[in-house]
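First comes the structure, then the notes that go with it.
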Protein chains: 2
Amino acid sequence: MSDLLERLRGRGWRMTAQRRVVAEVLDGDHVHLTADEVHAAAIAKLPEISRATVYNTLGEMVTLGEVIEVATDGRAKRYDPNAHRPHHHLVCARCGAIRDVHPTGNPLADLPAQERFGFSVSEVEVTYRGLCPHCAAA
Amino acid sequence: MSDLLERLRGRGWRMTAQRRVVAEVLDGDHVHLTADEVHAAAIAKLPEISRATVYNTLGEMVTLGEVIEVATDGRAKRYDPNAHRPHHHLVCARCGAIRDVHPTGNPLADLPAQERFGFSVSEVEVTYRGLCPHCAAA
DNA sequence: TTAAGTGCAAACAGTTTGCATAGAA
DNA sequence: TTCTATGCAAACTGTTTGCACTTAA
């Protein structure tokens with residue numbers, strides 16, 4: 001637990017009440033909050049934290065490579081603290097729920113050389129779309 | 001050529017000068033323009049076309065399923081007219097160039113049942129990231 | 001002590017919407 | 001003729017930035 005916070009500390013990142021709260025809010029598995037949701041949750045622990053600080057802090061965590069930005073097509077970006085275990089996303093087309101899933105093979109292998117258009121490919125991002133059990137039942 | 005326009009006509013879509021121009025601008029392979037780029041190109045052919053109309057028209061094409069919205073993490077959404085041949089995207093991490101690539105197997109098969117969290121998965125979206133030949137050389 | 005982080009508010013980009021007018025069918 | 005699409009401008013959402021103040025190290 002609070003793995004994200006540990007990682008940030010370990011990198012000698014200057015720690016403040018605001019940064020600690022953002023890291024705590026964002027930590028965990030299957031966490032994919034928007035900046036605004038992070039802000040709302042952070043306010044519960046530290047009422048005077050500002051939106052700008054939340055945005056700045058999230059941006060820095062992304063730059064540090066400790067948090068991943070997930071563009072889910074919806075309006076706002078989501079932030080995923082699970083940056084060190086490679087994984088893909090399973091998204092509910094109706095309610096937007098997201099779960100982390102782990103690749104079985106090496107998806108890079110699925111792109112044959114003649115399909116690479118001369119690119120040097122280093123990363124693959126996979127999003128599975130469907131209905132979550134709850135929405136499928138409704 | 002002008003395949004998109006044909007498809008839209010074939011669906012009995014009410015045709016106007018503006019809609020035709022948007023369809024013409026967006027048509028082709030490896031086309032992934034932002035709404036603003038579509039607007040700029042449309043203005044060259046029809047100076048009085050408004051931004052709102054371009055946004056509305058693109059939105060309708062997406063609803064009709066004739067155009068795909070691509071969220072490339074950058075700021076603005078991109079629009080892809082190649083809606084009927086399933087394909088994935090190869091994105092240059094530096095300049096944002098996008099190419100269409102075609103899947104080799106059935107990527108849905110890569111997600112074992114125990115990883116589905118009860119979702120009924122119907123679609124997969126794959127984005128390969130790397131450097132295009134031009135950026136790799138620079 | 002001092003460089004770095006914070007809050008505020010204002011600026012910004014991308015997108016959507018309300019309403020009167022124009023135009024396709 | 002009639003119903004839908006258009007243009008304009010204003011509203012909106014998500015995000016970034018400039019600047020004076022505060023604070024961790």
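No experiment lies behind these values; they were computed from the predicted model shown. In what follows, every chain begins at residue 1, and chains take the letters A, B, ... in the order their sequences are listed.
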Nearest to the side chain of [X], heavy atoms from C-beta on, is which of [options]?
X	options	answer
A:Arg75	C:dT15, D:dA24, D:dT13	D:dT13
A:Arg14	D:dC3, D:dT15, D:dA24	D:dA24
A:Ile49	C:dG7, C:dT6, D:dG7	C:dG7
B:Tyr55	D:dT6, D:dG7, C:dT15	C:dT15
A:Ser50	C:dC8, C:dT15, D:dT17	C:dC8

Provide, to the nearest angstrom, the distance between the [atom1] atom belonging to [X] and the [atom2] atom belonging to [N].
X	N	atom1	atom2	result
B:Arg20	D:dA5	CZ	C1'	14 Å
A:Glu60	D:dT15	CD	P	16 Å
B:Gln18	D:dT6	CD	P	5 Å

Can the ring centroids of A:Phe119 and B:His134 be said to lie less than 6.0 angstrom from one another?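 Here the rings of B:His134 and A:Phe119 have centres that are no less than 6.0 Å from each other.
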
Does one side chain, of A:His89 or A:Asp80, offer a donor that lies under 3.5 Å from an acceptor on the other?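 Yes - a donor-acceptor pair under 3.5 Å links their side chains.
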
Phosphate oxygens OP1/OP2 of D:dT6: is one of them under 4.0 Å from a side-chain N or O of B:Thr16?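 Checking D:dT6 against B:Thr16, a side-chain N or O does come within under 4.0 Å of OP1 or OP2.
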
Taking only the side-chain nitrogens and oxygens of A:Arg51, find out if one of them lies under 4.0 Å from OP1 or OP2 of C:dG7.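 Checking A:Arg51 against C:dG7: no side-chain N or O falls below 4.0 Å of OP1 or OP2.
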
